[in-house]
Amino acid sequence: MKKLLFTITVFAMSFTMNAQEKEGITLTVVIENVLNNEGHVLSALHNEDTFMKAEGLETSHVKAEAGELILTFENIQPGDYAFSVLHDANDNNRMDFATNGMPTEDYAMSGETLPMGPPTFSDAKFTIEKEDMQLTLRF
């Protein structure tokens with residue numbers, strides 16, 4: 001009887017441990033058209049509370065390499081998010097602007113369109129549901 005109880009306990013623990021390994025989905029972000037190897041590519045996944053106000057829920061800081069960059073974020077919970085990415089060519093950890101207010105470094109944002117002026121969360125919003133997801137952005 002003790003062996004049977006032990007076997008059931010071990011089985012239940014392994015099932016629970018496997019269920020905990022994957023609590024959310026995997027978000028893969030493909031960034032196309034990185035023009036050169038200068039600086040770093042900075043990116044952030046935001047919810048409505050952090051968008052344009054605070055550091056993202058998930059962030060990355062990756063050495064720039066010309067071509068295509070693939071980022072992976074694990075265990076993202078279903079919900080509405082926005083994704084922003086900046087090619088920080090001069091490594092000053094911020095977006096630079098010309099005197100006319102236009103960005104001087106490449107950037108991209110999730111959403112269907114890039115608005116004139118600062119984006120809003122609703123402009124950049126996309127929904128993560130129950131399946132792994134790929135997002136493609138282009139500088």
Side-chain angles (χ1 to χ4, degrees):
M1 182 69 171
K2 287 183 180 180
K3 275 187 172 179
L4 178 60
L5 186 57
F6 178 75
T7 304
I8 291 171
T9 303
V10 170
F11 177 74
M13 286 175 57
S14 68
F15 180 75
T16 303
M17 291 170 67
N18 286 338
Q20 290 176 351
E21 285 178 15
K22 183 160 179 151
E23 295 178 0
I25 67 100
T26 298
L27 173 65
T28 302
V29 181
V30 179
I31 302 164
E32 299 177 334
N33 203 35
V34 179
L35 295 178
N36 58 54
N37 297 342
E38 297 173 10
H40 287 80
V41 175
L42 313 178
S43 68
L45 178 68
H46 293 276
N47 63 17
E48 190 166 11
D49 293 334
T50 65
F51 185 74
M52 303 295 282
K53 300 172 199 155
E55 184 172 331
L57 304 170
E58 298 283 337
T59 61
S60 71
H61 185 255
V62 178
K63 178 71 178 116
E65 291 186 28
E68 182 178 271
L69 177 63
I70 299 174
L71 305 172
T72 304
F73 301 91
E74 301 284 340
N75 294 322
I76 307 300
Q77 298 304 306
D80 291 332
Y81 296 92
F83 195 87
S84 61
V85 60
L86 166 69
H87 183 177
D88 183 20
N90 62 2
D91 273 336
N92 66 352
N93 291 315
R94 64 183 176 91
M95 180 179 273
D96 295 316
F97 297 90
T99 55
N100 66 0
M102 296 298 294
T104 59
E105 295 173 304
D106 292 331
Y107 68 97
M109 186 85 53
S110 58
E112 297 297 318
T113 61
L114 280 177
M116 296 304 282
T120 64
F121 183 75
S122 61
D123 292 330
K125 181 175 78 170
F126 66 96
T127 301
I128 292 179
E129 295 180 351
K130 297 178 183 178
E131 307 257 335
D132 289 349
M133 181 175 182
Q134 180 174 307
L135 185 65
T136 301
L137 303 175
R138 183 174 176 81
F139 281 140

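Everything numeric in this text was worked out from a predicted model, so none of it was measured. Only this structure's heavy atoms are used, side chains among them; waters, hydrogens and symmetry mates stay out.
- Listed by chain and residue number, L27, L45, Y81, F83, S110, I128, M133, L135 satisfy the side chain to side chain contact (heavy atoms under 4.5 Å, CB included) test with F126 (two or more places apart in sequence, or in another chain).
- Within 6.0 Å of atom NZ in K63, more than 12 heavy atoms from other residues, nucleotides or ligands are found, so the atom counts as buried in its surroundings.
- Annotation: side chain to side chain contact (heavy atoms under 4.5 Å, CB included) contacts of T99 (sequence neighbours excluded): none.
- Partners of N36 by side chain to side chain contact (heavy atoms under 4.5 Å, CB included), not counting sequence neighbours, listed by chain and number: E38, H87.
- Residue M102 belongs to no hydrophobic cluster, having no ILVMFWY side-chain heavy atom closer than 4.5 Å to its own.
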Side-chain donor-acceptor distances from residues 53-61 under 3.5 Å, at least two apart:
{"from": "K53", "atom 1": "NZ", "to": "E48", "atom 2": "O", "distance (Å)": "3.4"}
{"from": "S60", "atom 1": "OG", "to": "S43", "atom 2": "OG", "distance (Å)": "2.4"}

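- With sequence neighbours excluded, the residues forming a side chain to side chain contact (heavy atoms under 4.5 Å, CB included) with P103 are M95, F97, Y107, listed by chain and number.
- Under the ring-ring contact (aromatic ring centres under 6.0 Å, His included) criterion, H46 pairs with F51, sequence neighbours left out.
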Worked check of side chain to side chain contact (heavy atoms under 4.5 Å, CB included) between I31 and F139 = CA-CA 7 Å; I31 302 164; F139 281 140; 3.7 Å; yes
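- In this structure E32 satisfies the salt bridge (Lys or Arg N to Asp or Glu O under 4.0 Å) test together with R138, sequence neighbours excluded.
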Derivation of the side chain to side chain contact (heavy atoms under 4.5 Å, CB included) call for M109 and L137 = CA-CA 7 Å; M109 186 85 53; L137 303 175; over 6 Å; no
Per-pair distances, 0.1 Å, donor-acceptor, side chain in residues 64-72, under 3.5 Å, sequence neighbours excluded:
none

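- Scanning for side chain to side chain donor-acceptor pair (under 3.5 Å) contacts around T104 gives an empty result, with sequence neighbours left out.
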Between T28 and Q134, does a side-chain hydrogen bond (donor to acceptor under 3.5 Å, both in side chains) hold up when you go through it step by step?
-> CA-CA 5 Å; T28 302; Q134 180 174 307; 5.5 Å; no
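- Under the salt bridge (Lys or Arg N to Asp or Glu O under 4.0 Å) criterion, the residue pairs touching residues 79-101 are R94-D96, with sequence neighbours excluded.
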